[in-house]
Each structure stands twice: as structure tokens, then as C-alpha cells.
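Note: hydrogens, waters and symmetry copies are ignored here, and every other heavy atom, side chains too, is used. These numbers were taken from a predicted model, which means no experiment stands behind them.
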Amino acid sequence: MGMGRGAGPKALGLFKILTVFLCTFHTAFSSSCRIMKCNSEFWSTASNSHHNTGAEDSVEVCTALRTYAHCTRRTARFCRGDLAYHSAVHGIDDLMSQHNCSKEGPTSQPRVRTPPPWDSQERSDSPEICHYEKNFHRHSATPNYTHCGLFGDPHLRTFTDTFQTCKIQGAWPLIDNNYLNVQVTNTPVHPGSTATATSKITIIFKNFQECVDQKVYQAEMDELPAAFVDGSKNGGDKSGANSLKIIEKVAGQHIEIQAKYIGTTIVVRQVGRYLTFAVRMPEEVVNAVEDKENQGLYLCLQGCPQNQQIDFRTFHSQTSETGSRRHGTGSSVSSFTPQMAGAKCKEKLPVEDLYFQSCVFDLLTTGDVNFTLAAYYAFEDVKSLHSNKDKLHLYERKMDIGSGSATPKSGLGMTMFLVVFVYLFQCCTVLP
């Protein structure tokens, strides 16, 4: 960069802006590339060293840079072609040169940036606009909250309480409104299988008035951070920054993001290898889009496209007629029998609703017992986030052939229908 040692802090700032910018577009790359974790850990450490001066500051910066470089080397083979990765590598070299850092020397364990004591709870001078419920009550009654969740192979519950099982391999938008974007990436459960589960979740909170700066959160398989990609845990430096915060419930397994300025709570979990997502959001925020007529796909609101949905009632007849099959090869067929799967799911989900049925379906198609817990925690999140306690359980509906009207199936009848369907489907997957 040719700016000398005196430009070090400024260069660090510019490098940080570039890093966050690139991380925003990082979602298209392989979930195996861990460059965002390296970036987050480095800036958490660098932020803590800004209070020092002179030689002490130089030593800490060099230690942080060597740790950063070591982290990038560990993930190098997974990051070929990743712009954020290559920019980080070049940025590290430039900063080490500016600070006269040796490549050999001590490294440090990454430290999580913690707010000062006076910032541990919402600031007393936080603008009222940064507290959605307080601001909302000035104009009307209590807001109507809605819920959306995604879990398992994958199963989607929309804001309108529609329940779908979908294919959706690759990257898909869950939420896209004026305040935030949520994108999920689903990958095959087994090599060669078209059964998928969520391996990456990216959440972008957009800049909002005096409340929050733009913040990006990203979770991947085996990486559920308790901080945004820049290492922070709140909405930035604005007066209402603590109206957005991340709370770690269980390290590496369960985080909660509270966005009070839009009345929204998000829960992200890692269950087994894969991720689950749940959100509680006011209807006003759900529908806050610039151009409703030309709005793009938004799974939590619109559901999965018709050609991506799996209908329990018709799928078996379709596979019998066309010989097509969805869930992979014989090598990935579950060892569970319908009876075993039903008994296993009953341990956690005693009510034979769609969560129970999803659990049975996932066990029979993947053989992974962690999908039992995914369905269980998805329902636990419904209980804590859904505003209508009468709508916690959802049941499959069938068409009455005589009248053409939709009527609920009995729990036992629907369960038997499901296990027979999936059992026959499994037989199909092992046929040539």
C-alpha cells in the first residue's frame, strides 16, 4: 500500500470495510471455506487491541495478523476461487509489511469482542423508534405476530401456517423485505442423493435510521458463531445499536438474534450436522416490500414453488408411473423400518401432527437420528415464537372424494398412510 507505519490504523479500517463488503457476497461459495470465521476472529482481536499504543500495540497487531494468516492457511484448500479469501490473504501481507511484522512468532487464541459494562443492556437514550412495540402502540393496538420455520429435509412452515416439504437444493431466499434478507443453502444429505438439508444460513440486517448499521450474520455446518461477521454482537455505533443483539443460548448449538427495532426474534440451531431456522416477525414487517407486484421469491411468505414441493398424497403414484425417485441411491437408504421410525419419533413428538410425520419421513429417507431432534426443536421454537397457541399443531388434510372438500385425517390413519408411502418409496429407490 506504500503508506508506512503511520497509516496502519487507517489501513486496518479500510481493510475491514473491504472484508465486510466481500463477506456480503460470500454466500455463493462452498460452505467448506471458513474465511468468514477467520475474518470475524481477527477483527474481534484487533478491536480489543485498539486501546494500546506504541510498541505494545505493534506487538499485539502482529500477533493478531499471524493468527489471522494461520487461520487462512488452514482453510486454503477449500477457498480456491473465493474472492473474500484471496483479498484477505493479500490484505494480511500488506498489513504485516506496514507493521514490520515477522511471519514467525507467537499467535493468539481468538477473543470474542465484549461490550463495556455500560453497554450491556439497551441504552437509556435509545430512540423510541428503535423499540418496535413501544413505537407501534402509539398508533394502534398490539401488533399481530407471525412465524416461519425451516428444518429437516427440508420442511417449511410459512408465515400463513402452510406446511410444505420441499426439494430446494442450493441457495434460496427465505425472507426478503425492507429490513432484512435471509438466505438458506441446502446441500445433499448423502453423496449422490437429492435429499437435502440446510448447511448455511445468511442473514443481512439492513441499515435502519438511528438504530442499526448494516450487519451480516452467517452460520454454516459446524460453525454457529455468536457474533456478526465483523465480530460485533450488536447493531453498531448508533444510539439504538442494542436494539439488535445476538445471544448465545448453547455454545455451538443455539443462538438467538433479537431485533427489537423491527419486533423480530430469530432462532438458529445446529442439530447434528445441519441447521434449523425459526423467526417471529410482525405482519407489518413481513409485508414491508417496495414493490409487491414485482416481488421476487420469498419462501417464508409465498412457500416453495410448486415444482419444488413434495405432496405425500400423490408422490408415490407419480414415482410408480414415471419411475422417478427423489431421495438418492440405494447406498443411502435408511435402515429404519416404518415401525422403528414411528417409535423413535414418538419419544420426542407424542402428537401425530405434521412435525411427527416429518420426523418419520426424514428417518426413513436419511437414516439420520438427528432429524428426530431437528423436528423436536422446530416444534419447541413454534411453541416459544408463535403468537396463536391454538395453531401450534398442524395436520395433513386430504380431499374427500365424494364431496371434494378438504377434511382432516385422523392421526393414526395419516401416520399409517405416511409410513406405507415412504416404505414403498424406499423400495423404489433400491430398484434399478
> Is NZ or CZ of Arg157 both nearer than 6.0 Å to the six-membered ring centre of Phe163 and within 45° of the ring axis?
Replying inline: no

> Are side-chain heavy atoms of Leu394 and Thr162 found at a separation under 4.5 Å?
Replying inline: no

> Would you say His386's side chain and Asn388's backbone share a donor-acceptor pair under 3.5 angstrom?
Replying inline: yes

> Going through the distances and angles, do Phe277 and Val267 end up as a side-chain contact (heavy atoms from CB on, under 4.5 Å)?
Replying inline: CA-CA 6 Å; Phe277 173 88; Val267 174; over 6 Å; no

>> So Thr158 and Thr146, do their side chains get closer than 4.5 Å, heavy atoms only?
In response: no

> Hey, mind stepping through Leu385 and Thr265 against side-chain contact (heavy atoms from CB on, under 4.5 Å) and telling me if it holds?
Replying inline: CA-CA 8 Å; Leu385 298 175; Thr265 301; 4.1 Å; yes

> If every non-hydrogen atom of Val360 is compared with every non-hydrogen atom of Gly342, which pair is closest and at what distance?
Replying inline: CG2-CA, 4.0 Å

>> We want to know whether Asn39 and Tyr68 form a side-chain donor-acceptor pair, criterion being a heavy-atom distance below 3.5 angstrom.
In response: yes

> Can you tell me how far the SG atom of Cys359 sits from the CD atom of Glu352, to the nearest 0.5 Å?
Replying inline: 11.5 Å

> Can the ring centroids of His254 and Tyr377 be said to lie less than 6.0 angstrom from one another?
Replying inline: no

> Any donor and acceptor pair, going by atom type alone, linking the side chain of Asp153 with main-chain N or O of Thr196 inside 3.5 Å?
Replying inline: yes

>> Just so I know, are the side chains of Pro173 and Gln183 near enough to count as touching, which here means a heavy-atom distance under 4.5 Å?
In response: no

> Within the distance-only criterion (no hydrogens, no angle test), does the side chain of Glu60 pair as donor or acceptor with the backbone N or O of Cys62 below 3.5 angstrom?
Replying inline: no

> Do you know the tightest heavy-atom contact between Ile246 and Tyr217?
Replying inline: CD1-CD1, 3.7 Å

> What pair of heavy atoms forms the shortest contact from Leu363 to Cys345, and how long is it?
Replying inline: CD1-SG, 3.7 Å

> To the nearest 0.5 Å, what is the distance between CG (Leu354) and CD (Gln357)?
Replying inline: 5.0 Å

>> The test is ring-ring contact (aromatic ring centres under 6.0 Å, His included); show your working for Tyr261 and Phe208 and say whether it passes.
In response: CA-CA 9 Å; Tyr261 67 102; Phe208 182 69; 5.5 Å; yes

> Between Lys346 and Phe356, is NZ or CZ placed under 6.0 angstrom from the six-membered ring centre and within 45° of the ring axis?
Replying inline: yes

> Does some side-chain heavy atom of Thr198 sit less than 4.5 Å from a side-chain heavy atom of Tyr274?
Replying inline: no

>> I'd like to know if the side chain of Ser97 reaches the main chain of Asp93, judged simply by a donor and an acceptor atom lying under 3.5 Å from each other, with no hydrogens or angles considered.
In response: no

> Does Lys206 count as lying over the ring of Tyr179, i.e. NZ or CZ under 6.0 Å from the six-ring centre, within 45 degrees of the axis?
Replying inline: no

> When you check the side-chain N and O atoms of Glu283 and Asn144, is any donor under 3.5 Å from an acceptor?
Replying inline: yes

> If you take all heavy atoms of Ile203 and Leu180, which pair is closest and at what distance?
Replying inline: CG2-CD1, 4.1 Å

>> For the CD atom of Glu284 and the CG atom of Asn177, what is their distance to the nearest 0.5 Å?
In response: 11.0 Å

> Does the distance from a Lys or Arg side-chain N to an Asp or Glu carboxylate O, for Asp230 and Lys215, drop under 4.0 Å?
Replying inline: yes

> Do His147 side-chain atoms and Ala278 backbone N/O form a donor-acceptor pair below 3.5 Å?
Replying inline: no

>> Using only atom types and a distance under 3.5 Å, with no angle test, would you say the side chain of Thr67 pairs donor to acceptor with the backbone of Thr63?
In response: yes

> How long is the gap from NZ on Lys245 to CD on Glu256, to the nearest 0.5 Å?
Replying inline: 11.0 Å

>> For a 4.5 angstrom cut-off between non-hydrogen side-chain atoms, does Ile255 reach Leu224?
In response: yes

> For Tyr355 and His155, what are the C-alpha separation, side-chain angles and deciding distance, and is it a ring-ring contact (aromatic ring centres under 6.0 Å, His included)?
Replying inline: CA-CA 9 Å; Tyr355 290 89; His155 309 285; 8.8 Å; no

> Between the main-chain N or O of Asn242 and the side-chain N or O of Lys260, is there a donor-acceptor pair closer than 3.5 Å?
Replying inline: no

>> If you apply the rule side-chain contact (heavy atoms from CB on, under 4.5 Å), what do you find for Gln169 with Lys167, and how did you get there?
In response: CA-CA 6 Å; Gln169 182 170 333; Lys167 303 174 187 177; over 6 Å; no

> What are the two closest heavy atoms between Ser199 and Thr187, and how far apart are they?
Replying inline: OG-CG2, 3.1 Å

> Met221 and Leu275: side-chain contact (heavy atoms from CB on, under 4.5 Å), yes or no, with the steps?
Replying inline: CA-CA 7 Å; Met221 289 192 300; Leu275 304 171; 5.5 Å; no

> Are any non-hydrogen side-chain atoms of Cys211 and Leu244 less than 4.5 angstrom apart?
Replying inline: no

>> For the CG atom of Leu373 and the OH atom of Tyr376, what is their distance to the nearest 0.5 Å?
In response: 9.0 Å

> Is there side-chain contact between Lys200 and Gln218, with at least one heavy-atom pair below 4.5 Å?
Replying inline: yes

> Between Ile92 and Thr72, is any pair of side-chain heavy atoms under 4.5 Å apart?
Replying inline: yes

> Is it true that Arg280 and Asp381 have a side-chain N and a carboxylate O under 4.0 angstrom from each other?
Replying inline: no

>> Over 60° means perpendicular and under 30° means parallel, so tell me whether Phe159 and Tyr298 are parallel, tilted or perpendicular.
In response: perpendicular

>> When you measure from the side chain of Asn186 to the backbone of Ile168, do you find a donor-acceptor pair of N or O atoms at a distance under 3.5 Å?
In response: yes

> To the nearest 0.5 Å, what is the distance between CD1 (Ile266) and CD1 (Ile175)?
Replying inline: 6.0 Å

> Looking at Ala374 and Phe151, what are the two nearest heavy atoms and their distance?
Replying inline: O-CD1, 3.9 Å

